[in-house]
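Notes follow once the structure below has been shown.
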Amino acid sequence: MAQPLDLIVRNGVVVTAADTRRLDVGVRDGVVVALGTNLPEAPVLDASGCYVFPGFVDPHVHLQLRVGDIVSTDDFETGTVAAACGGVTTLADFTGNARGDDLAEGVRARWAEAEGRIAVDLALHLTLTDASETTLAALPALAAAGHTSAKLYMTYAGLRLDDGEMLRALAACHAQRILPLVHAENHDAVAYLTARLLAAGHSEPRYHPASRPPLVESEAAQRALALAAMVDAPVYLAHVTCRETLAAIAQARARGQQVVAETCPQYLALSSACFDAPGFEAAKYVCTPPLRPAGHGDALWTALAEDELQIVSTDHCPWNHEVEKQRGRDAFSQIPNGLPGVETRIPLLYGLGVAQARLSLQRFVAVAASEPARALGLFPRKGTIAVGSDADLAILDPRGTTTMQAAGLHQRVDYTPFEGWTVPGRLVATVSRGEVIVREGQFLGRRGRGRLLCRQPSPWA
Ligand code: URP
Ligand code: ZN
């Protein structure tokens, strides 16, 4: 006799990036073992009237990120609980090594911070803060151990790589099939424009976007893509915000390059009009690259729908408005950059994307689950619903609505940029490896239950 199932998710409409079907999902030992309509009796999670999506994958978050003497406010516990409540079952964060540090030790140290604390599964991108022989020599062993992606910053003192370092890092990553995620902004241009604004007395938060206009981003993106072409390497462009960068991506693809590109809900749903908020309120919207004038967001939605952009991450990097953001009272350049969003990505993307016919159900799953999993080298274990995949599921009732309020969210930060927004669709449950960890907004799982993920190379690497 066949072994009994541990759980059946019954009567839902199962949605993957490939299709939409009315199916029950049978789970045993944390894995999907059956998809059908006549599954044997087992404990049931009723999904009548709901969509059953793959657990969502957020490939770009910064939990307890140390910046100087401050630390982003969500730690591995609170951030992963918030993620779970937002339908997310897999996150990817970054190693925290500084320039010259031992990279393998950076991985060990970051693993140690996360281990025993995470509520959902976690991958770590390597952070390449230099391209020394020693650092690059560490890559083969790290790739073999399942760390198959790396972040390359073109800006931020202490993190950024110059063009020679970019070339060496891109080539070394390519040799090991490590997918390089690039933060593309022209560091010197940011420094020049910021100094000029401050010298003119323009110190308020509303001047932040002028210190990093679209050309700052697109010039660096174009340069990163040109450098990658010279060493035949693929590129994953993080947080694309503007038409100019979309054009640079199209140009690179036209010459045959492999480019994976990501945007975030803040660039789709908000605009630089947020900086009209009175006084220091506008500090809430300081992130890099910055929010763009209205119009760029429409271009990003179209690019997502048309597969010019493949991924929506959050770049979740929360700072309290009443505490850490206050550091920039005298100069916008001192405001810690980053927005919270790990819990609100899926409600926003469903509510503004699917419900407003900007994204099909398939495309929604692709950009929020399947393609991020593919980039991480985790597909089809993560990012889809198939026999043999981890039983990671997010169940959403399209008849409900979600109202976003900082007070009701699990993110540990004193605001959300989407305060008071109501969107169609309501997450009703999150299942991680067969365990119902969220029901009706309540986290039912155990902190520490999440696993650290070792990965295959991405097919895009
Ligand atoms: O403002 C942002 N995005 N902060 C987080 C670090 C980064 O640039 O990804
Ligand atoms: Zn970045």
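For ligands, and for the atoms within them, numbers begin at 1 and follow the listed sequence.
The nearest heavy-atom contact from the protein to atom 2 (C) of ligand 1 is Asn337 ND2, 3.2 Å. For atom 8 (O) of ligand 1, the nearest protein heavy atom (residue, atom name, distance) is Tyr156 OH, 2.7 Å.
We find that Arg292 and Glu217 are joined by a salt bridge, their nearest charged nitrogen and carboxylate oxygen being less than 4.0 Å apart. Residues Asp130 and Arg99 are not paired through a salt bridge, judged by the lack of any N-O separation under 4.0 Å between the basic side chain and the carboxylate. Using a 4.0 Å cut-off between charged nitrogen and carboxylate oxygen, Asp69 and Arg327 count as a salt-bridge pair.
Here Asp315 has side-chain heavy atoms under 4.0 Å from ligand 1, and that is the only part of it that gets that close. By the criterion of a heavy-atom distance under 4.0 Å, both the backbone and the side chain of Cys287 are placed next to ligand 1. Under 4.0 angstrom from ligand 1, the non-hydrogen atoms of Lys151 all belong to its side chain.
Counted within 6.0 Å of CD on Glu322, heavy atoms from surrounding residues, nucleotides or ligands total more than 12; the atom is thus considered enclosed.
With the Zn ion (ligand 2) as the vertex, ND1 of His183 and NE2 of His239 span 90° to the nearest 10°.
The distance criterion of under 3.5 Å between nitrogen or oxygen atoms is not met by Leu65 with respect to ligand 1. Note: an N/O pair closer than 3.5 Å links His62 and ligand 1 by distance alone.
Within ligand 1, counting atoms from 1 as listed, the ones closer than 4.0 Å to a heavy atom of His183 are 7 (C), 8 (O). Of all atoms in ligand 1, listed by their number and element, those nearer than 4.0 Å to a heavy atom of Cys317 are 5 (C). Taking a cut-off of under 4.0 Å to the non-hydrogen atoms of His60, the atoms of ligand 1 that pass are 9 (O).
In summary, the side chains of Tyr156 and Asn337 do present a donor paired with an acceptor at a separation below 3.5 Å, with no hydrogens or angles considered. Donor-acceptor pairing under 3.5 Å is lacking for the side chains of Gln222 and Glu244.
Both tests do not hold together for Arg206 against Phe275: distance to the six-membered ring centre under 6.0 Å, angle to the ring axis within 45°.
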Evaluate Asp58 against Thr314 for side-chain hydrogen bond (donor to acceptor under 3.5 Å, both in side chains), listing each step before the verdict. CA-CA 7 Å; Asp58 188 342; Thr314 58; 2.6 Å; yes
